[in-house]
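Chain naming here is simple, since letters A, B, ... match the order of the sequence lines and numbering starts at 1 in each.
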Amino acid sequence: MAEHLARLNPEQRMAVETTDGPVLVLAGAGTGKTRVLTTRFAHILLAGKASPGQVLAVTFTNKAAREMRERVAALLGRPVEGLWLGTFHALAARMLRRHAELVGLSPQFTILDADDQLRLLKQVMEAERIDAKRWPPPLVMGQIQRWKDRGEGPARVTPAMAGDLAGGRMIALYAAYQGRLKALNAADFGDLLLDITEILRNNPDVLAQYHRQFRYILVDEYQDTNVVQYLWLRLLAQGRHNICCVGDDDQSIYSWRGAEVENILRFEKDFPGAKVIRLERNYRSTAPILAAASGLIAHNAGRLGKTLRPGGAGGEGGEKLAVLSLWDSEEEARAVGERIETLLKSGDSLAAMAILVRAGFQTRAFEERLITLGIPYRVIGGLRFYERAEIRDAIAYARLLVQPGDDLAFERIVNVPRRGIGAAAMKTLHEHARAADMPLTKTAENLLAAGSFRGRAGEGLRTLLAALAMWRETLAREGHVMTMRQLLDESGYTDMLKADKSPDAPGRLENLKEFVRALADFETLAGFLDHVALVMENEENAESDKISLMTVHAAKGLEFDTVFLPGWEEGLFPNQRALDEGGVKALEEERRLAYVGITRARKRVIILHAAQRRIYANWQDSIPSRFLDEIPEEWLTRGGSAHSVRVSRPRVATSFPRDARAGTPARHTLTARRRFAEGARIFHEKFGHGTVITAENDSLEIAFDAAGVKHILAQFVEPA
DNA sequence: AAGGTTAATGTTTTT
DNA sequence: CATTAACCTT
């Protein structure tokens with residue numbers, strides 16, 4: 001162990017050895033965060049301060065959890081058993097299963113995915129007679145999720161919070177949705193943390209049990225915690241306070257998912273006497289990359305403050321960041337392709353390169369270009385294995401075997417493959433089920449036994465129910481792998497795919513084979529189902545030499561020699577929609593995202609922007625991102641076919657006020673001069689005339705005459 | 001119950 | 001433009 005400590009720099013070592021009391025480790029990008037976290041974990045165990053089961057270690061992703069587990073085992077020189085190491089959701093689920101009755105669930109509850117949630121909500125809305133046209137279910141779902149992220153169950157939501165959503169009946173709707181979840185013995189993702197937090201809050205004996213158990217708490221990516229996660233941690237840390245949170249406020253990029261940077265900013269207040277340790281020595285990137293990133297992020301207010309310094313021996317030298325100005329998005333893709341080919345010729349590997357985009361649709365142009373050039377690539381993100389329709393169908397069958405009362409699973413597969421059970425049959429089934437307050441399968445059984453379900457639908461239902469009963473027997477006798485293999489054949493599912501002439505049918509069959517293979521890794525079907533619900537990830541084979549294409553969000557935590565950052569244009573990055581919704585706060589998050597993008601690079605950054613970009617149907621003029629002006633010019637090398645043109649004859653974006661965005665040098669003075677008083681009348685290109693309600697620096701809250709209340713940056717409006 | 005047609009709608013998505 | 005969900009027709 002001593003040798004592991006010796007490999008740390010003084011700050012890292014401090015972060016590892018300060019085991020007791022609250023500790024906040026502010027770990028900048030590439031400063032050895034994971035090393036600190038894992039060494040600290042191992043140190044606690046080796047120093048005999050706690051046994052493996054007495055440390056609670058929380059991450060956001062399964063990947064991070066897996067990595068921590070492996071590295072701790074490597075440090076200890078043996079695999080460790082009995083760890084409470086996992087994602088927030090996995091750990092919460094594990095706790096919740098132990099105390100499920102306390103919130104009206106049984107321990108075998110099903111964890112619903114986003115698709116199930118939405119379908120369930122639609123049903124509840126229909127039952128509550130709430131117009132789905134006026135109140136789009138995804139929007140309503142979003143509100144429910146936000147409440148859950150903030151630890152607010154239906155009982156805590158006030159009419160003021162609910163507003164006029166769902167015609168003023170939002171609270172009742174939320175309560176009804178929760179009621180249905182409990183009736184189905186199901187929990188959605190938000191419930192996992194909401195429910196366990198509620199349990200810990202209301203049951204001192206349960207909380208005391210965990211207090212006795214957990215001597216140390218380790219939290220990764222603390223800047224991304226939302227309110228419930230924070231409440232859950234605070235409850236568990238109560239009393240002993242041996243909590244160590246690692247994070248970087250400059251890399252908080254998930255506020256739209258409920259994350260609150262304030263959690264990390266407030267740490268010292270929350271945990272008095274907390275020790276704050278800054279890791280600022282960066283061992284990843286060259287000096288110009290660090291300087292550029294630091295210069296950019298310095299434009300954010302309200303940071304905890306941290307400056308990345310080159311930590312390695314080779315801190316000096318390094319290429320400046322290249323900025324390429326191109327005419328249009330196609331030329332942008334071509335320019336990236338050319339650079340890749342040049343790098344390949346000089347011996348670089350594709351695996352060491354990445355193209356990081358702001359939005360998913362941008363990847364397409366690059367994919368096309370890479371295909372024509374014959375450059376192998378991999379797109380990270382997108383549809384994940386367990387989200388594919390055929391896999392979800394198979395999972396629904398499995399869920400139905402484990403829980404016959406799983407109505408959502410039943411509905412999904414009742415007519416897949418076709419059994420002649422359509423909307424009409426399902427309607428009667430639903431009516432009877434509701435009247436008798438019984439699951440759909442049980443209702444179907446009763447109706448068939450009573451002889452009141454005839455015709456093709458009745459026949460189909462009878463066959464399905466008989467088959468389900470048979471598979472359940474097989475499950476008990478032969479185990480889950482054999483059962484699912486048989487089920488897929490006997491249900492007619494594989495035949496359905498074999499008969500399918502569409503080009504992706506063979507792939508789907510292949511996926512199902514993979515599904516059965518994956519089943520074998522688990523002892524029980526229930527264990528497998530938990531895995532698919534909580535570990536929705538794509539196993540990427542990082543073996544082959546391919547360039548990675550992904551969003552900047554997806555790239556957090558990764559690193560590459562060369563990073564391409566295309567689409568640095570106003571409206572795209574920073575994203576206009578984010579700005580419209582979130583004002584200055586959103587702009588700062590966009591800036592952090594840009595910071596994350598740049599700091600992914602070890603050696604080389606190429607930022608690109610196009611003067612014209614095709615958005616949907618038509619071409620739109622675009623001007624360079626303000627972030628380009630915020631990076632100190634000394635670290636940039638400008639080039640590209642549209643470079644000089646852009647300077648002498650700046651193009652004007654249609655959706656932006658002309659004067660504020662015209663030339664680079666004048667920009668700051670213009671935006672700085674623009675001040676609006678409360679009550680001032682203004683005009684916005686898109687939303688028209690309005691009145692300023694509140695003005696905070698350059699973030700305005702504006703009541704538009706036609707478009708409602710919005711948060712807008714001052715630079716996007718002009719006096720009316 | 002199934003297939004074809006139209007209309008709406010386009011950021012990011014760790015679990 | 002291109003995808004997807006809701007709708008309408010047979």
If I take atom [atom1] in residue [X] and atom [atom2] in nucleotide [N], what distance separates them, rounded to the nearest angstrom?
| X | N | atom1 | atom2 | value |
| --- | --- | --- | --- | --- |
| A/R146 | B/dT13 | CZ | P | 18 Å |
| A/D224 | B/dT13 | CG | P | 14 Å |
| A/H553 | B/dT13 | NE2 | P | 7 Å |
| A/D220 | B/dT15 | CG | C1' | 15 Å |

Does [X] reach a base, just sugar-phosphate, or nothing at all? Heavy atoms under 4.0 Å.
| X | result |
| --- | --- |
| A/G557 | nothing |
| A/Y254 | base |
| A/A64 | nothing |
| A/A359 | sugar-phosphate |
| A/Q362 | nothing |
| A/I421 | sugar-phosphate |
| A/A423 | sugar-phosphate |

| query | Can the positive tip of A/R591 be found less than 6.0 Å from the middle of the six-membered ring of A/F627, inside 45° of the ring normal? | reply |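 No cation-pi geometry.
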| Minimal non-hydrogen separation, A/S252 against A/D224, with atom names |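 For A/S252 versus A/D224, the nearest heavy atoms are CA-OD1, 3.9 Å.
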| In a check of side-chain contact (heavy atoms from CB on, under 4.5 Å) between A/L181 and each of A/V124, A/D191, A/T110, which one passes? |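 In the set A/V124, A/D191, A/T110, the residue that makes a side-chain contact (heavy atoms from CB on, under 4.5 Å) with A/L181 is A/D191.
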| Contact boundaries on DNA chain C for chain A, cut-off under 4.0 Å to non-hydrogen atoms |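 Answer, 5' to 3': C/dC1 to C/dC7.
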| query | Counting just side-chain N and O atoms, does A/T551 come under 4.0 Å of either OP1 or OP2 of B/dT13? | reply |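 Answer is yes, contact under 4.0 Å.
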| said: Assuming nearest nucleotide by heavy-atom distance, tell me which of A/T61 and A/G422 is located more 5' along DNA chain B. | reply: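 Of the two residues, A/G422 wins.
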| Relative to the 5' end of DNA chain B, which residue comes earlier, A/E387 or A/E589, by the nucleotide with the nearest heavy atom? |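 Comparing both residues, the 5'-ward one is A/E589.
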Taking only Lys NZ, Arg NE, NH1 and NH2, and the carboxylate oxygens of Asp or Glu, determine whether [X] and [Y] approach each other closer than 4.0 Å.
| X | Y | result |
| --- | --- | --- |
| A/R577 | A/E581 | yes |
| A/R508 | A/D393 | no |
| A/E570 | A/R626 | yes |

Please check this pair: side chain of [X] against backbone of [Y], looking for a donor-acceptor N/O pair closer than 3.5 Å.
| X | Y | result |
| --- | --- | --- |
| A/N300 | A/E588 | yes |
| A/H99 | A/I196 | no |
| A/R129 | A/M125 | no |

Polar pairs (N or O, both sides) under 3.5 Å between protein and nucleotides 5-10 of chain B?
none

| Passing option when A/E332 is tested against A/R613, A/R369, A/Q612 for side-chain hydrogen bond (donor to acceptor under 3.5 Å, both in side chains) |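 Among A/R613, A/R369, A/Q612, the one that satisfies the side-chain hydrogen bond (donor to acceptor under 3.5 Å, both in side chains) with A/E332 is A/R613.
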| Is A/W256 stacked on the base of B/dT12 when the test is centres under 5.5 angstrom and planes under 30 degrees? |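 Given the distance and angle limits, yes, they stack.
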| task | Could you work out which one of B/dT13, B/dA2, B/dT11 sits closest to the side chain of A/N415? | result |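 Minimum distance to the A/N415 side chain belongs to B/dA2.
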| field | Selected nucleotide, minimal atom distance to A/R418 side chain, candidates B/dT11, B/dT15, B/dA2 | value |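 Side chain of A/R418 sits closest to B/dA2.
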